[in-house]
Peer 1: 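I'd like to ask you about the structure that follows.
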Amino acid sequence: MAKRVDLFDSTYEHFTERVSDAIRKEAFGADIGQTSWLTVEEYGRLLPSLDLTPDRHVLEVASGSGGPALYLARTFGCRVTGIDANESGVATASQMAATAGESERVRFSVADANAALAFDDDSFDALLCMDSMNHFPNRLGVFREWHRVLRPGRRALFTDPVVISGPVTNDELVLRSSIGLFLFVPSGVNEQLIEQAGFRLVRQEDVTENAALVSGRWHRARQAHKDDLVRIEGEERFEGLQRFFEAVHRLTSQRRLSRIAYVAEKPTG
């Protein structure tokens with residue numbers, strides 16, 4: 001049985017450490033401050049589905065360190081509001097926005113995405129949630145809130161990185177979820193819930209390969225910088241996270257847990 005191990009607090013609190021910067025570059029190639037399985041190449045391929053322009057206002061759910069939100073603002077000129085339940089993540093994101101001179105256009109706040117969102121109906125032109133859907137047990141309620149805050153005709157883009165697509169043992173599920181609360185669903189469930197929430201599923205794509213690639217790189221990069229990380233994390237946390245990344249790599253490489261990207265549209269009328 002795997003013990004819970006902290007990934008997010010440690011990552012955000014030490015985000016600007018030299019070793020953290022080096023690991024992100026080795027794991028992701030182009031470092032935009034992401035803390036998921038997302039690469040810039042994948043982002044560039046998926047984002048056109050949202051039709052982002054300078055007059056758009058984007059909601060990013062589970063905005064983490066804020067790096068991807070700032071990347072969006074710089075790339076498309078749009079406004080971005082990011083929400084995350086992790087206070088350290090929001091503090092890091094807000095500091096990054098201030099340093100970049102983007103505090104007016106890109107803003108972050110602490111919020112529980114499983115609860116009602118503190119935004120009016122039809123407030124946003126697009127919604128993003130990369131690799132965090134698995135942390136929301138009230139998934140249908142989350143989709144309904146997304147539907148409420150999106151303007152008609154606009155779209156949500158999200159990934160679910162733990163769709164069950166093969167045989168997985170209970171011990172493997174525990175290890176894969178050792179960094180926090182997880183909801184695992186089999187193939188087909190997200191599609192049903194998207195429709196029940198009032199969305200139209202526009203597109204879905206298997207993006208498991210990126211999770212296998214990034215998790216393997218992340219594990220190797222951390223191992224290469226073990227001494228520095230142990231000073232920051234401690235031996236127990238370091239080893240626990242290494243077991244986590246190894247499990248992600250094994251399960252995605254074998255396609256027993258899949259990562260799926262979805263684009264859902266709120267119909268007009």
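Please read all numbers here as calculations on a predicted model, not as lab measurements.
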Peer 1: I'd like to check Thr252 versus Leu213 (side-chain heavy atoms, cut-off strictly below 4.5 Å). Are they in contact?
Peer 2: no
Peer 1: Specify the closest pair of heavy atoms between Val106 and Ala73, including all atoms of both residues, with the distance to one decimal.
Peer 2: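 Looking at all heavy atoms of both residues, the shortest contact is CG2-CB, 3.4 Å.
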Peer 1: Any side-chain heavy atom of Phe108 sitting closer than 4.5 Å to one from Ile83?
Peer 2: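 A side-chain contact is absent here, since even the closest heavy-atom pair is not under 4.5 Å.
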Peer 1: About how many Å separate OG of Ser187 and CD1 of Ile260, when rounded to the nearest 0.5 Å?
Peer 2: 6.5 Å
Peer 1: Is the backbone of Trp37 close enough, under 3.5 Å, to the side chain of Asp131 for a donor and an acceptor to pair up by distance?
Peer 2: yes
Peer 1: May I ask whether Leu52 and Val40 are part of the same hydrophobic cluster, defined by side-chain heavy atoms of I, L, V, M, F, W, Y residues being less than 4.5 angstrom apart, directly or through others?
Peer 2: yes
Peer 1: Set out, in order, the CA-CA distance, both residues' side-chain angles and the distance that settles salt bridge (charged side-chain N to carboxylate O under 4.0 Å, His left out) for Arg18 and Asp228, then state yes or no.
Peer 2: CA-CA 10 Å; Arg18 183 177 299 176; Asp228 288 334; over 6 Å; no
Peer 1: Verify whether the ring centers belonging to Phe28 and Trp218 lie closer than 6.0 Å.
Peer 2: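 Yes, ring centres under 6.0 Å apart.
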Peer 1: So do the side chains of Val163 and Phe184 get within less than 4.5 Å of each other, counting heavy atoms only?
Peer 2: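 The answer is no; the side chains never approach within 4.5 Å.
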Peer 1: Check this for me: does any side-chain nitrogen of one of Arg200 and Glu195 sit under 4.0 Å from a carboxylate oxygen of the other?
Peer 2: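 The answer is no: the pair does not qualify as a salt bridge.
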Peer 1: So does Ala91 get a backbone contact from the side chain of Ser94, meaning a donor-acceptor N/O pair under 3.5 Å?
Peer 2: no
Peer 1: Nearest heavy-atom pair of Leu201 and Gln204: which atoms, and what distance?
Peer 2: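 Nearest heavy atoms, Leu201 then Gln204: CD2-OE1, 3.1 Å.
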Peer 1: side-chain hydrogen bond (donor to acceptor under 3.5 Å, both in side chains), that's the test. Do Asp206 and Thr208 meet it? Break it down for me.
Peer 2: CA-CA 6 Å; Asp206 189 317; Thr208 309; 2.6 Å; yes
Peer 1: According to a 4.5 Å side-chain heavy-atom criterion applied to Ile, Leu, Val, Met, Phe, Trp and Tyr, with indirect links allowed, do Leu59 and Val90 form part of one hydrophobic cluster?
Peer 2: no
Peer 1: Any sub-3.5 Å donor-acceptor pair from Glu191's side-chain atoms to Gly188's backbone N or O?
Peer 2: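 Indeed, once roles are kept as given, a pair shorter than 3.5 Å links the two residues.
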Peer 1: Check whether Lys266 reaches the backbone of Leu150 with its side chain - one donor and one acceptor, N or O, closer than 3.5 Å.
Peer 2: yes
Peer 1: State, to 0.1 Å, how close Ser165 and Arg255 come at their nearest heavy-atom pair, and which atoms those are.
Peer 2: OG-O, 2.9 Å
Peer 1: Do Glu102 and Val80 come close enough that some side-chain heavy atom pair is under 4.5 Å?
Peer 2: no
Peer 1: Would you say that Phe199 contacts Arg144 through its side chain, given a criterion of any heavy-atom pair below 4.5 Å between the two side chains?
Peer 2: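 They are not in side-chain contact.
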Peer 1: Starting from Leu127, can I reach Leu50 by hopping between I/L/V/M/F/W/Y residues whose side chains sit under 4.5 Å apart?
Peer 2: no
Peer 1: Taking only Lys NZ, Arg NE, NH1 and NH2, and the carboxylate oxygens of Asp or Glu, determine whether Glu104 and Arg79 approach each other closer than 4.0 Å.
Peer 2: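 Arg79 and Glu104: not salt-bridged.
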Peer 1: In sequence, state the C-alpha distance, the side-chain angles, and the governing distance for Val58 and Thr81, and then conclude on side-chain contact (heavy atoms from CB on, under 4.5 Å).
Peer 2: CA-CA 6 Å; Val58 181; Thr81 294; over 6 Å; no
Peer 1: So does Ser215 get a backbone contact from the side chain of His249, meaning a donor-acceptor N/O pair under 3.5 Å?
Peer 2: no
Peer 1: Charged N to carboxylate O under 4.0 angstrom, Arg148 versus Glu145?
Peer 2: yes
Peer 1: Take a 6.0 Å sphere around CD of Glu209 and say whether it holds more than 12 heavy atoms from other residues, nucleotides or ligands.
Peer 2: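 For Glu209, atom CD is not crowded (no more than 12 foreign heavy atoms under 6.0 Å).
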Peer 1: Rounded to the nearest 0.5 Å, what separates atom CD in Glu205 from atom CG in Leu157?
Peer 2: 10.0 Å
Peer 1: Hey, is Arg259 close enough to Glu42 for a salt bridge, meaning N to O under 4.0 Å?
Peer 2: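 The answer is yes: the pair qualifies as a salt bridge.
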Peer 1: Identify the heavy atoms of Ala212 and Ser253 that sit nearest to each other, and give their distance.
Peer 2: CB-OG, 3.7 Å
Peer 1: Show the numbers, then the answer: is there a side-chain contact (heavy atoms from CB on, under 4.5 Å) between Trp146 and Val61?
Peer 2: CA-CA 9 Å; Trp146 292 5; Val61 178; 3.8 Å; yes
Peer 1: For Arg250, is there an ion pair with Glu246 - N to carboxylate O distance below 4.0 angstrom?
Peer 2: yes
Peer 1: Taking atom OG of Ser132 and atom CD of Glu60, what is their separation to the nearest 0.5 Å?
Peer 2: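 Between atom OG of Ser132 and atom CD of Glu60 there are 8.5 Å.
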Peer 1: With the 4.5 Å side-chain cut-off for hydrophobic clustering, are Ile164 and Leu193 part of the same group?
Peer 2: no
Peer 1: Would a distance-only check, ignoring hydrogens and angles, find a side-chain to backbone donor-acceptor pair under 3.5 Å from Ser36 to Leu38?
Peer 2: yes
Peer 1: Counting N and O atoms only, with roles assigned by atom type, does the side chain of Arg203 sit under 3.5 Å from a partner on the main chain of Tyr262, one being a donor and the other an acceptor?
Peer 2: no
Peer 1: Please report whether the ring centroid of Phe143 lies less than 6.0 Å from that of Phe158.
Peer 2: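 Ring centres of Phe143 and Phe158 closer than 6.0 Å.
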Peer 1: Applying side-chain contact (heavy atoms from CB on, under 4.5 Å) to Val185 and Arg139, what does each step give before you reach the verdict?
Peer 2: CA-CA 10 Å; Val185 299; Arg139 187 160 301 187; 3.6 Å; yes
Peer 1: Would Asp21 and Lys25 pass as an ion pair if we require N to O under 4.0 Å?
Peer 2: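 Yes.
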Peer 1: Does any non-hydrogen side-chain atom of His135 lie less than 4.5 Å from one of Leu183?
Peer 2: no
Peer 1: Heavy-atom distance under 4.5 Å between the side chains of Asp122 and Val149, does that happen here?
Peer 2: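 Asp122 does not reach Val149 side chain to side chain.
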Peer 1: Got a donor-acceptor contact below 3.5 angstrom from the Gln254 side chain to the Leu251 backbone?
Peer 2: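 No: the side chain of Gln254 does not pair with the backbone of Leu251.
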Peer 1: Just jot down the side-chain contact (heavy atoms from CB on, under 4.5 Å) partners of Lys226, sequence neighbours excluded, or say none.
Peer 2: Gln223, Val230, Glu235, Phe238, Glu239
Peer 1: Report yes or no: do Val142 and Val189 belong to one cluster of Ile/Leu/Val/Met/Phe/Trp/Tyr joined by side chain heavy-atom distances under 4.5 Å?
Peer 2: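 Yes: a chain of side-chain contacts under 4.5 Å links Val142 to Val189.
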Peer 1: Would you sort out whether Val263 and Ser49 count as a side-chain contact (heavy atoms from CB on, under 4.5 Å), showing the intermediate values?
Peer 2: CA-CA 7 Å; Val263 178; Ser49 298; 3.9 Å; yes
Peer 1: To the nearest 0.5 angstrom, please state how far the OH atom of Tyr71 sits from the CD atom of Gln34.
Peer 2: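 Output value for this atom pair is 10.0 Å.
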Peer 1: Any idea which heavy atoms bring Gly198 and His147 closest together, and the distance?
Peer 2: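 Heavy-atom minimum between the residues: O-NE2, 3.4 Å.
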Peer 1: Please report the interatomic distance CG(Leu128) to CG(Leu47), rounded to the nearest 0.5 Å.
Peer 2: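 It comes to 6.0 Å.
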Peer 1: Can you name the nearest heavy-atom pair linking Glu26 to Ala221, along with the distance?
Peer 2: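 So the two residues come closest at OE1-CB, 3.4 Å.
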Peer 1: Would you find a donor on one side and an acceptor on the other, under 3.5 Å apart, between the side chain of Arg24 and the backbone of Ala30?
Peer 2: no
Peer 1: State, with a plain yes or no, whether a side-chain heavy atom of Pro161 is found less than 4.5 Å away from one of Arg176.
Peer 2: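 Sidechains of Arg176 and Pro161: in contact.
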Peer 1: Under 3.5 Å, is there a donor-acceptor pair linking the side chains of Thr53 and Asp55?
Peer 2: yes
Peer 1: Going by an N to O cut-off under 4.0 Å, is there a salt bridge joining Arg155 and Asp51?
Peer 2: no
Peer 1: Between CG of Leu72 and CZ of Arg56, what distance do you get to the nearest 0.5 Å?
Peer 2: 13.5 Å
Peer 1: Report yes or no: does Asn134 contribute a side-chain atom to a donor-acceptor pair with the main-chain N or O of Asp160 at less than 3.5 Å?
Peer 2: no
